[in-house]
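Have a look at the structure below before the remarks.
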There are 2 protein chains.
Amino acid sequence: MSKSQLTLTPVQTVACCSPLVSAPLSEETAERIAPLLKAIADPVRLRLLSLVAAHDGGEACVCDLNDAFDLSQPTISHHLKVLHESGLLDRSKRGVWVYYRVRGEALSDLAALIGGGL
Amino acid sequence: MSKSQLTLTPVQTVACCSPLVSAPLSEETAERIAPLLKAIADPVRLRLLSLVAAHDGGEACVCDLNDAFDLSQPTISHHLKVLHESGLLDRSKRGVWVYYRVRGEALSDLAALIGGGL
DNA sequence: CCTAGACATAGATGAACATCGATATAGACA
DNA sequence: TGTCTATATCGATGTTCATCTATGTCTAGG
């Protein structure tokens with residue numbers, strides 16, 4: 001069993017929380033949510049998310065994504081890893097290619113946390 | 001005229017954008033949105049936001065907020081400044097005390113950017 | 001097998017950031 | 001005017017992070 005199945009991804013901790021403005025966040029909750037927000041608080045990762053979401057079939061190959069940036073391939077790979085480990089992107093390997101897909105539920109939960117109760 | 005009136009706060013740049021997943025974000029747009037997300041991507045600032053929002057009358061005095069953390073007064077002041085300069089908190093000084101208030105519209109816009117179109 | 005291509009990992013480096021103690025500012029009041 | 005209290009700013013410090021080059025891994029084709 002892989003280690004990632006034994007630990008909660010950050011995104012799994014969000015669905016269970018009431019909106020930010022409804023009640024004071026506990027220290028523990030805040031510490032669990034912050035990494036998820038950090039994951040999208042980067043211009044490159046924001047563009048990666050929207051590129052994947054807007055791509056045909058809702059998924060995109062890494063090879064397509066690399067071409068959209070003036071950054072090295074390892075750098076893009078690093079950012080995709082951050083998004084994947086946060087639970088915001090699903091990853092599937094088919095042959096030599098790796099495809100990423102946005103987890104819409106994760107983004108919805110995050111939006112509800114920020115904007116819910118307003 | 002103060003300098004802050006001549007430059008757009010990060011939050012002012014969000015209301016005008018279509019949701020993340022609807023169309024690929026331009027590099028410029030992503031660069032403008034990221035600082036706003038960075039502002040809330042910190043456990044202390046998340047708790048500050050929710051403490052202010054959940055406080056009586058929707059506003060809180062800095063003196064109340066300082067007590068809620070095991071951090072120095074300058075550190076809290078720094079975090080409040082980040083939230084204020086992002087456009088997420090309104091600031092009003094009354095006598096010796098400074099009160100902060102959540103700008104609900106800013107959070108709504110941000111939530112729409114993340115979760116809109118899902 | 002062996003090579004080529006797609007993607008990930010490792011290690012290094014410079015920039016950004018959270019935090020602190022010390023100090024400044026500004027208002028209330030004796 | 002002088003002092004006390006509330007908040008902000010300054011300068012230093014350790015940590016986190018984005019990025020790079022070099023290298024590893026895995027798969028398909030010859």
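Atom set for the values below is all heavy atoms of this structure, side chains included, hydrogens, waters and symmetry mates excluded. Below, chains carry the letters A, B, ... as their sequence lines are ordered, and counting in each starts from 1.
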message = Strictly below 4.0 Å: does A/Lys81 bring a side-chain N or O up to OP1 or OP2 of C/dA8?
response = no
inquiry  = Nearest whole Å is fine: how far is D/dA18 P from A/Leu71 CG?
reply    = 12 Å
Euclidean distance, atom CD1 of residue A/Ile76 to atom P of C/dT9 [Å, nearest integer] = 15 Å
message = Could you tell me if A/Arg45 and A/His79 have a donor-acceptor pair between their side chains, going purely by distance under 3.5 Å?
response = yes
ask   = Would you find a donor on one side and an acceptor on the other, under 3.5 Å apart, between the side chain of B/Arg101 and the backbone of B/Gly57?
value = yes
ask   = Which of these nucleotides, D/dC20, C/dA26, C/dC20, is closest to any side-chain atom of B/Ser72?
value = C/dC20
request  = Let me know the distance between CG of A/Asp67 and P of C/dA6, rounded to the nearest Å.
outcome  = 10 Å
message = Quick one, B/Leu113 and B/Asp109 - any side-chain contact, counting heavy atoms below 4.5 Å?
response = no
ask   = Which of the following nucleotides, C/dG5, D/dT7, D/dT5, is nearest to the side chain of B/Val96?
value = D/dT5
inquiry  = Can you give me the closest heavy-atom contact between A/Ala30 and B/Arg47, atom names plus distance?
reply    = CB-CG, 3.5 Å
task = Measure the distance from CZ on A/Phe69 to C1' on D/dA18 and round it to the nearest whole Å.
result = 14 Å
query = With nearest nucleotides of DNA chain C determined for A/Ser77 and B/His79 from heavy-atom distances, which residue corresponds to the more 5′ nucleotide?
reply = A/Ser77
query = Given atom NZ of B/Lys38 and atom P of D/dT16, what is their separation to the nearest angstrom?
reply = 16 Å
request  = Send over the distance from A/His78 NE2 to C/dA12 C1', rounded to a whole Å.
outcome  = 14 Å
message = Tell me the interatomic distance from B/Leu80, atom CG, to C/dC17, atom P, rounded to whole angstroms.
response = 17 Å
key: Closest-nucleotide 5' rank along DNA chain C - winner of A/Pro74 and B/Trp97   = A/Pro74
message = Whole angstroms only, please: what is the CG-C1' distance between A/Leu83 and C/dC7?
response = 16 Å
message = Check this one for me: any side-chain N or O of B/Tyr100 less than 4.0 Å away from OP1 or OP2 of D/dA8?
response = yes
ask   = Closest to the B/Lys93 side chain: C/dG27, C/dT9, D/dT7?
value = C/dG27
query = Is the closest basic N to carboxylate O distance between B/Arg94 and B/Glu59 below 4.0 Å?
reply = yes
inquiry  = Counting only side-chain nitrogens and oxygens, does A/Thr75 get under 4.0 Å of the OP1 or OP2 atom of D/dC20?
reply    = yes
ask   = Side-chain N or O of A/Arg91 less than 4.0 angstrom from OP1 or OP2 on C/dC7?
value = no
inquiry  = Heavy atoms only, 4.0 Å cut-off, all strands: where does A/Arg94 land among base, sugar-phosphate and nothing?
reply    = nothing
request  = Would you please confirm or rule out a distance under 4.0 Å between OP1 or OP2 of D/dA18 and any side-chain N or O of A/Arg45?
outcome  = yes
inquiry  = When you measure only distances, ignoring hydrogens and angles, does the side chain of A/Gln73 come within 3.5 Å of the base of C/dA8 through a donor and an acceptor?
reply    = yes
